[in-house]
Protein chains: 4
Amino acid sequence: MAGSVNKVILLGNLGRDPEIRSFSNGNRVANLQIATSETWRDRNSGERREKTEWHSVAIFSEGLVKVAEQYLRKGSKVYIEGQLQTRKWQDQSGQDRYSTEVVLQGFNASLVMLDGRSGGGDFNGGGGFGGGSNAGSSNNELGKSSVGFDYAPFDDDLDDDVPF
Amino acid sequence: MAGSVNKVILLGNLGRDPEIRSFSNGNRVANLQIATSETWRDRNSGERREKTEWHSVAIFSEGLVKVAEQYLRKGSKVYIEGQLQTRKWQDQSGQDRYSTEVVLQGFNASLVMLDGRSGGGDFNGGGGFGGGSNAGSSNNELGKSSVGFDYAPFDDDLDDDVPF
Amino acid sequence: MAGSVNKVILLGNLGRDPEIRSFSNGNRVANLQIATSETWRDRNSGERREKTEWHSVAIFSEGLVKVAEQYLRKGSKVYIEGQLQTRKWQDQSGQDRYSTEVVLQGFNASLVMLDGRSGGGDFNGGGGFGGGSNAGSSNNELGKSSVGFDYAPFDDDLDDDVPF
Amino acid sequence: MAGSVNKVILLGNLGRDPEIRSFSNGNRVANLQIATSETWRDRNSGERREKTEWHSVAIFSEGLVKVAEQYLRKGSKVYIEGQLQTRKWQDQSGQDRYSTEVVLQGFNASLVMLDGRSGGGDFNGGGGFGGGSNAGSSNNELGKSSVGFDYAPFDDDLDDDVPF
DNA sequence: TTTT
DNA sequence: TTTT
């Protein structure tokens with residue numbers, strides 16, 4: 001079905017440090033637990049109430065895995081954009097179980113850090129943040145230099161001949 | 001946490017007719033199964049491949065439940081905007097299980113029908129579609145007249161004194 | 001056209017303090033200038049480049065105007081969700097001119113503050129921020145108590161009879 | 001500012017056929033005019049009212065330009081995801097003017113056709129739709145084979161060693 | 001279970 | 001200028 005959209009946008013805080021694991025082929029995944037919450041006033045009692053939702057996020061883009069590894073920690077505020085995926089697995093008794101995650105993979109995924117709470121990192125440090133632009137989007141993935149990420153948002157070469 | 005975002009955007013097709021159930025208090029829920037899919041070309045074999053993802057959607061806004069009931073059918077193409085929620089429940093053996101759904105509830109939810117495939121309905125029929133504008137958004141919920149849904153996108157009363 | 005979507009999502013910083021003006025009927029508007037930017041590496045020179053985009057945002061929801069007034073300042077980081085609107089006006093020479101803005105109005109609009117930089121405010125202060133939940137969304141607008149904003153994200157009354 | 005989001009989502013109809021122009025360097029741009037509209041009931045008169053908004057969309061991704069060229073026509077319903085950009089230009093009298101457009105460029109852009117209304121095209125034609133997967137997203141741009149678009153949404157190679 |  |  002060329003013609004569908006599957007998009008999740010979350011802005012919230014990490015409930016714990018990212019967990020990063022490696023596959024045998026060298027690929028990695030970073031798992032985040034992100035909390036979002038809503039507050040409202042109860043219709044009857046008038047009390048203030050709050051409901052927190054926890055989201056499992058799996059990052060497969062190596063560039064964003066690096067960002068998560070270096071800069072995200074428990075409590076970090078983060079904006080992410082990914083897609084919904086449900087995995088089927090068997091529990092110890094052999095029963096089918098399903099887990100739904102927000103997956104950041106390939107293009108169309110992004111991750112934006114919203115605070116400097118970077119543990120031992122040097123997020124706001126002068127000059128040192130070579131991965132700066134990578135943090136904003138998977139478009140510029142670290143370690144994937146064969147892919148043409150260096151795409152100009154608006155190519156200057158065109159300016160001499162803009163047709164509109 | 002006043003300061004979080006939990007948003008899901010899906011555009012896909014219904015795998016079956018909506019299932020609508022009533023609560024003892026008269027409230028209703030419409031459950032949809034929405035398919036989204038992606039196609040890509042395999043890196044190695046060069047073959048075209050496709051992966052379909054199925055999403056459980058639960059609609060609690062009565063106005064949108066009415067729209068689902070009247071106009072959505074198996075195969076309908078639909079755009080929805082809601083939020084992620086994971087429910088905990090116990091299976092027959094008493095074990096904790098979790099189900100993640102996309103919930104359309106309150107404001108911030110919307111549903112847009114993208115075809116006239118309305119089964120026995122009269123979607124494109126003249127005059128009969130009194131709920132027309134309601135279909136586009138939960139902002140104008142049917143049967144919730146106590147809430148001020150009749151909000152002008154841009155209030156004409158202001159035009160005589162626009163400060164900018 | 002019941003069946004369209006017009007949505008803008010911005011996450012960026014205010015270039016200056018919000019400008020708030022009143023209409024003769026008492027309604028207010030808050031205007032924000034929000035910067036977003038992208039960095040990339042030039043394909044030819046290999047240099048790091050950055051392009052900043054400035055967005056005009058007009059907030060008509062009184063609850064969110066109050067939030068902007070009290071808590072947003074030059075430099076504040078903010079997430080907003082609104083819609084695109086283009087206004088036609090005449091310049092001093094009588095020529096038609098057009099201005100495109102991101103409008104936050106009615107439901108479907110939200111504003112999330114992403115830092116505590118609240119000037120004289122008491123954003124993170126205990127208790128004092130009665131409008132806390134209001135900041136997260138226009139769903140709970142201050143000063144519009146006639147509208148049923150106190151909507152429970154998930155109404156407990158239903159729990160005794162969940163049909164699924 | 002590594003840490004911003006600039007995203008526009010539109011779902012609406014084309015007011016006229018796409019206009020496609022070429023730059024001297026061979027690059028192309030497709031310009032679309034997309035209408036979105038809202039209906040509501042006037043608070044005072046109770047009348048049904050409608051407001052249509054027109055959006056200028058500029059597509060720079062060659063893959064999506066091809067899709068627009070072949071499949072989009074006046075009246076086509078389309079979902080697009082892009083970003084806001086304001087261009088400065090001088091009118092004939094030398095005055096600065098600004099135009100705001102929704103730009104689809106690079107990754108993070110998508111275009112989904114929502115009907116088969118493809119004019120002389122062969123959108124639903126058997127087999128002939130070589131650009132099928134390209135239509136769904138800029139991730140698979142035609143004519144940019146040097147870029148590794150053939151990314152598997154979920155790489156099977158990993159399945160033998162999933163660490164979670 | 002949808003759709004192309 | 002679209003669409004319902």
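Computed from a predicted model, the values in this text were never measured in an experiment. A note on names: the letters A, B, ... follow the listed sequences, proteins ahead of strands, and every chain is numbered from 1.
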*Would you mind reading off the distance between B/Y71 atom OH and F/dT4 atom P, rounded to a whole angstrom?*
14 Å
*Less than 5.5 Å between centroids and less than 30° between ring planes, does D/W54 satisfy that with F/dT1?*
yes
*Gap between atoms CZ and P, on B/R49 and E/dT4 respectively (whole Å)*: 22 Å
*Of all residues at least two apart in sequence or in a different chain, which pass the side-chain contact (heavy atoms from CB on, under 4.5 Å) check with D/Q33?*
D/R16, D/W54, D/S56
*asked:* If I take atom CD in residue D/E50 and atom C1' in nucleotide F/dT3, what distance separates them, rounded to the nearest angstrom?
replied: 8 Å
*If you measure from the Lys or Arg side-chain nitrogens to the Asp or Glu carboxylate oxygens, is any gap between B/K74 and B/D17 under 4.0 Å?*
no
_Closest listed nucleotide, where the reference is the side chain of B/Q33 and the choices are E/dT1, E/dT4, F/dT4_ = E/dT1
*Can you tell me how far P of E/dT4 sits from CD of D/Q70, to the nearest Å?*
19 Å
*Output all residues satisfying side-chain contact (heavy atoms from CB on, under 4.5 Å) with B/R97, sequence neighbours left out; order by chain, then residue number.*
A/Q95, A/R97, B/W89, B/D91
*Which nucleotide in the set F/dT3, E/dT3, E/dT1 lies at the smallest distance from any side-chain heavy atom of B/R16?*
E/dT1
*Separation of atom CG in D/L114 from atom P in E/dT3, rounded to whole Å*: 15 Å
_Whether the side chain of B/T52 and the base of E/dT2 hold a donor-acceptor pair under 3.5 Å is what I'd like checked._
yes
*Grab the CG-P distance between B/L14 and E/dT4 for me, whole Å please.*
14 Å
*For the side chain of D/A35, starting at C-beta, report the closest nucleotide among F/dT1, E/dT1, F/dT2.*
F/dT2
*Return the value, rounded to whole Å, for the distance between atom NE2 of D/H55 and atom P of F/dT2.*
15 Å
*Keeping the roles fixed (side chain from B/R41, backbone from B/G46), state whether a donor-acceptor pair exists under 3.5 Å.*
yes
*Rounded to whole angstroms, how far apart are OH on D/Y79 and P on E/dT3?*
21 Å
